[in-house]
Amino acid sequence: IITNRYLRPVIAFFCIGLTGSIFASMVQGYLFVYFMHLTAFEKTIITGGGMVLCGVGAIVAAPLARKFDKKYTVCIGAAIASSACLVAAILFLGGVLKPGTMWIAGGHGVPIAVIVFGACSMLYLFGSGIYQSTAWSMVADVAEVNELGSGIRQDGGHAAVFAFSYKMVI
């Protein structure tokens with residue numbers, strides 16, 4: 001299965017993207033745990049919203065792939081995820097926004113730092129949902145092309161190689 005000429009570039013491409021995503025998620029994790037000093041409620045909202053947007057990203061991936069092709073859809077998802085983390089890093093680590101920054105609107109304090117950080121975190125997971133679901137579907141495509149060419153069904157082997165490479169990068 002490793003010798004499949006179609007699978008190797010898909011895995012290589014995904015591993016490069018996943019490596020960038022892991023780096024970006026480490027920045028997000030650092031900000032989330034050690035920098036922002038979020039309340040339990042804020043953590044719940046940001047994490048829950050991120051999980052919802054990750055699922056929405058997986059759903060949005062299908063029409064994006066039909067419109068742009070799967071390779072470009074993976075790039076779009078990775079770009080969204082990376083950009084969201086880059087914005088968070090620039091704003092918070094660069095000192096543009098401090099963790100406790102509040103804006104006063106109508107006499108009420110609005111925790112703008114938490115809102116901006118939450119939006120960046122959720123957008124990261126939205127992009128991640130796009131590129132990860134698309135990459136997995138590309139492995140299924142490669143397995144189907146292999147079956148059509150050889151007559152041998154090896155879906156499980158293709159998924160196992162991909163899952164192994166996924167775990168290796170992580």
Side-chain angles (χ1 to χ4, degrees), residues 9-140 162-163 165-170:
V10 169
I11 288 176
F13 185 67
F14 180 72
C15 286
I16 291 167
L18 185 60
T19 300
S21 177
I22 296 297
F23 177 74
S25 69
M26 288 176 7
V27 170
Q28 282 284 344
Y30 170 77
L31 290 172
F32 194 92
V33 175
Y34 299 107
F35 192 79
M36 290 300 296
H37 307 292
L38 301 168
T39 67
F41 178 72
E42 292 165 343
K43 289 177 186 176
T44 300
I45 295 300
I46 292 170
T47 302
M51 293 298 105
V52 168
L53 280 181
C54 187
V56 169
I59 293 168
V60 167
L64 281 175
R66 279 192 296 277
K67 183 170 183 162
F68 297 112
D69 189 55
K70 288 184 179 180
K71 291 180 284 190
Y72 296 116
T73 300
V74 169
C75 291
I76 289 167
I80 291 169
S82 299
S83 297
C85 286
L86 183 62
V87 167
I90 289 170
L91 291 176
F92 292 102
L93 298 177
V96 177
L97 271 177
K98 303 287 185 218
T101 302
M102 299 280 275
W103 286 356
I104 305 300
H108 299 286
V110 177
I112 194 65
V114 173
I115 292 168
V116 169
F117 175 74
C120 289
S121 183
M122 290 180 204
L123 278 174
Y124 164 76
L125 287 167
F126 174 73
S128 183
I130 291 171
Y131 83 79
Q132 289 196 37
S133 62
T134 305
W136 277 98
S137 75
M138 290 170 77
V139 172
F162 188 75
S165 64
Y166 185 91
K167 290 176 184 179
M168 197 169 67
V169 169
I170 290 175

Task: side-chain contact (heavy atoms from CB on, under 4.5 Å) assessment of Val139 paired with Phe14 - done: CA-CA 10 Å; Val139 172; Phe14 180 72; over 6 Å; no
- [ ] Please round to the nearest 0.5 Å and tell me the distance separating atom CD of Glu42 and atom CD1 of Ile115.
- [x] 9.5 Å
- [ ] May I ask you to test the Phe23-Thr19 pair for a side-chain heavy-atom distance under 4.5 Å?
- [x] no
TODO: Starting at SG of Cys85, measure out to CD1 of Ile90 and round the result to the nearest 0.5 Å.
DONE: 11.5 Å
Open item on the list: In the structure I gave you, are the side-chain heavy atoms of Val60 and Phe126 within less than 4.5 Å of one another anywhere?
Closed with: yes
Task: Pairwise distance CG(Asp69) to OG1(Thr134) - rounded to 0.5 angstrom - done: 10.5 Å
Open item on the list: I need the minimum non-hydrogen distance between Ile130 and Gly57, along with the two atoms involved.
Closed with: CG1-O, 3.2 Å
Task: Heavy-atom closest pair, residues Met51 and Leu125 - done: CE-CD1, 3.7 Å
Open item on the list: Once rounded to the nearest 0.5 Å, what's the spacing between atom CZ of Phe32 and atom SG of Cys120?
Closed with: 13.5 Å
Task: Nearest heavy atoms of Ile104 and Gly109, plus distance in Å - done: CD1-CA, 4.0 Å
Task: Shortest non-hydrogen contact between Phe117 and Ile46, atoms and distance - done: CD2-CD1, 3.9 Å
- [ ] Drop me the distance from Lys98's NZ to Phe35's CZ, to the nearest 0.5 angstrom.
- [x] 7.0 Å
- [ ] Specify whether Phe162 and Trp136 have parallel, tilted or perpendicular ring planes, treating 30° as the upper limit for parallel and 60° as the lower limit for perpendicular.
- [x] perpendicular
Open item on the list: One pair to check against side-chain contact (heavy atoms from CB on, under 4.5 Å): Leu86 and Val27. What are the steps and the verdict?
Closed with: CA-CA 9 Å; Leu86 183 62; Val27 170; over 6 Å; no
Task: Nearest-0.5 Å distance, CG of residue Leu18 to OG of residue Ser25 - done: 8.5 Å
TODO: Compare every heavy atom of Ala113 with every heavy atom of Met36, then report the nearest pair and how far apart it is.
DONE: CE-O, 3.7 Å
Task: Side-chain donor or acceptor of Ser128 paired with backbone N/O of Tyr124 under 3.5 Å - done: no
- [ ] Identify the heavy atoms of Val110 and Ala105 that sit nearest to each other, and give their distance.
- [x] CG2-CB, 3.9 Å
